[in-house]
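To start, the structure under review is shown below, and the notes come after it.
Values in this document were obtained by computation on a predicted structure and should not be read as measured data. Lettering of chains follows the sequences in order, A, B, ..., and the numbering in each one begins at 1.
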Protein chains: 2
Amino acid sequence: MPGDIEATIDTIARGLARGPQPHSGRSYIEVRNLIADLIETGELAPGIRLPSERVLHELLGVARGTLRDALTLLEAEGTMHRLDRRGWFVSPPRIRYDPTTLEGFHTFVAAQGRKPTTHTLSKRLVPVNAEAASVFGLDRNDPIFLILRRRCIDDRPVLLEHIYVDPQRFPGLIEQDLDGSLSAILREHYRILTTHAQVTMYPSILTGPVAQELNVSQGTPSLFISRICRSEEGYVTEYNQNFWHYNALKLVMSVQDRAR
Amino acid sequence: MPGDIEATIDTIARGLARGPQPHSGRSYIEVRNLIADLIETGELAPGIRLPSERVLHELLGVARGTLRDALTLLEAEGTMHRLDRRGWFVSPPRIRYDPTTLEGFHTFVAAQGRKPTTHTLSKRLVPVNAEAASVFGLDRNDPIFLILRRRCIDDRPVLLEHIYVDPQRFPGLIEQDLDGSLSAILREHYRILTTHAQVTMYPSILTGPVAQELNVSQGTPSLFISRICRSEEGYVTEYNQNFWHYNALKLVMSVQDRAR
DNA sequence: TAGTGGTCTAGACCACAGA
DNA sequence: CTGTGGTCTAGACCACTAG
């Protein structure tokens, strides 16, 4: 799509010509407001890549550092994201996710008219680390299956999963094709259902290999969600750690007063 | 507590003397690792204020900007926070919060051995905005109660609340003392129970007046939680928007498979 | 190989907090 | 008033992506 960047430059120049926003003093805030306005009005649509930082900072008349401050702010708000060394992009709307269901990734993404894909990065038998050992009640260094998967929405990597499964309970699991629903495999191959789970969530950042696999820069904000899944009998079926590219996600749930 | 800062400088100098961490190339990452290590080992305890950026960057031999990159990373991870123009502080452990209960702030904070406090910043009758109007099924600009509260854990402001309540249902509400549990007031004064709620959560940033009321800088990462609370009969009892200083919080919940 | 974002430096001034 | 963090500039080099 040649010319795309030129069109984007024009759009931004036009926004600039409309004059300063109901001003707000600091310059990186003004830059943020300019871009945020263009996104709100739809002049910059989701998926669009911005011109390079060097082109932009000159166009806007601010130092490159100031421009980056503005972009980082938009990233933290969830309206822009970047692909490592590949540029800044306008983010699509957040996907809604209800953590109180045990519904799978493919199900809820597809239900919102988006395209889910999964790619298994590795599946191996490894010595269990301290954390997973305590979850499963294993001894340190006992063997355990570790599965790494990357999941995309509309072909954008948004989620990296670390899944631990006890090989005693599910022998031969990693010989299966794991690009689909894991719980479907546990159900159909092993006749085991996950009936409840303990979920923990908090915002953090992406670092090292996780950031790399998602094509994002060190320090990209993220939402960490871990899930200890259990069978009806109460043993752990899987221990799941999800690193979400955080502006991809919005959590929605309904709750009932338990006292009633 | 004079001398505190000197002690902290010593601690950091000592950490520095232990030599570079299992290296990681970039300098702001090294600085991050140094400070993160001192926090993990307990040499820098929660609540401690770091020396000024100018002292630190000289001590560490990096530019001030690089130091700030490291501190910003630690902030995004949730291990440090800052008070606007007052310095950088080691954060206490995150408080656990179960969004699937309708349990109040005071209850769950106290249950974890921390000290909760609430301060009502304002309570007024205002014309309803578009968003709240649609939640309550009111016409635009109908009058509605808007209550602003700031809540602290161990005297640190961590949460700003915007609460909307329909004055038709709860006449005279803002004449009450609102520093305690709102749901207790609705229950005891009006005999109305909140029995269920629709909860939405996503990470974002703090800006403008919200950031100011929490003594944090523009762009501080946050967790936004909104709650539409309903009575048994199904009408909205309160519409609650919570802006959490995000590294204060960790969400924990258990879920059951609904299909069962 | 050219151009990108990522990192880093060494300055400067301002607004505000706290004594 | 002094010192703090907050903001901003104008450079530079590196590691990597994309052609």
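One interatomic measurement links the two molecules: CH2 of W88(A) to C1' of dT17(D), which rounds to 17 Å at whole-angstrom precision. When the C1' atom of dT4(C) is taken as reference, atom CG of N215(A) falls 15 Å away, rounded to whole Å. Distance R54(B) CZ to dT2(D) C1': 12 Å, rounded to the nearest Å. Distance CG (D69(A)) to P (dG5(C)): 15 Å, rounded to an integer number of Å. Computed from coordinates, the H81(B) NE2 to dG6(D) P distance equals 12 Å when rounded to whole Å. Counting to the nearest Å, the P atom of dA15(C) and the CD atom of Q218(B) are 15 Å from each other. The distance from atom CD of E53(B) to atom P of dA12(C) is 18 Å, rounded to the nearest whole Å. Residue L56(B) contributes atom CG, which lies 17 Å from atom P of dG3(D) at whole-angstrom precision.
A sub-4.0 Å separation between OP1 or OP2 of dT9(C) and a side-chain N or O of T66(B) is present. At dT4(D), one or more side-chain N or O atoms of S52(B) fall inside 4.0 Å of OP1 or OP2 (strictly under the cut-off). Taking only side-chain nitrogens and oxygens, S217(A) comes nearer than 4.0 Å to OP1 or OP2 of dG6(C).
Ring to ring, Y164(B) and F145(B) are not that close: their centroids are 6.0 angstrom or more apart.
Ionic pairing of E58(B) and R64(B) is not present here: no N-O contact between side-chain nitrogen and carboxylate oxygen is shorter than 4.0 angstrom.
Taking every side-chain heavy atom of A63(A) into account, dT9(D) is the closest of dT9(C), dT9(D), dG5(C). Of the candidates dC8(C), dG6(C), dT7(D), the closest approach to any side-chain atom of R68(B) belongs to dT7(D).
At the heavy-atom level, R82(A) lies under 4.0 Å from the strands shown only through sugar-phosphate atoms. Backbone-only engagement by D84(B) is indicated by non-hydrogen atom pairs under 4.0 Å involving sugar-phosphate atoms exclusively.
Both L83(B) and G65(A) lie near DNA chain D, and the one whose nearest nucleotide falls closer to the 5' end is L83(B).
Relative orientation of the F224(B) and F243(B) rings is tilted, given thresholds of 30° and 60° on the angle between their planes.
Proximity of a side-chain donor or acceptor of N242(A) to a complementary backbone N or O of W244(A) within less than 3.5 Å is not detected.
Looking at heavy atoms from C-beta onward, I225(B) lies in side-chain contact with L249(B) at the 4.5 angstrom threshold.
Base pairing of dC16(D) is made with dG3(C), judged by Watson-Crick or G-U wobble geometry with both donor-acceptor distances under 3.5 Å.
Counting distance only, with no hydrogens placed and no angle test, the side-chain atoms of R85(A) and the base atoms of dA15(D) include a donor-acceptor pair under 3.5 Å. Between the side chain of R64(A) and the base of dG11(D), no donor-acceptor pair under 3.5 Å is found. No donor-acceptor contact under 3.5 Å links the side chain of R86(A) to the base of dG3(C).
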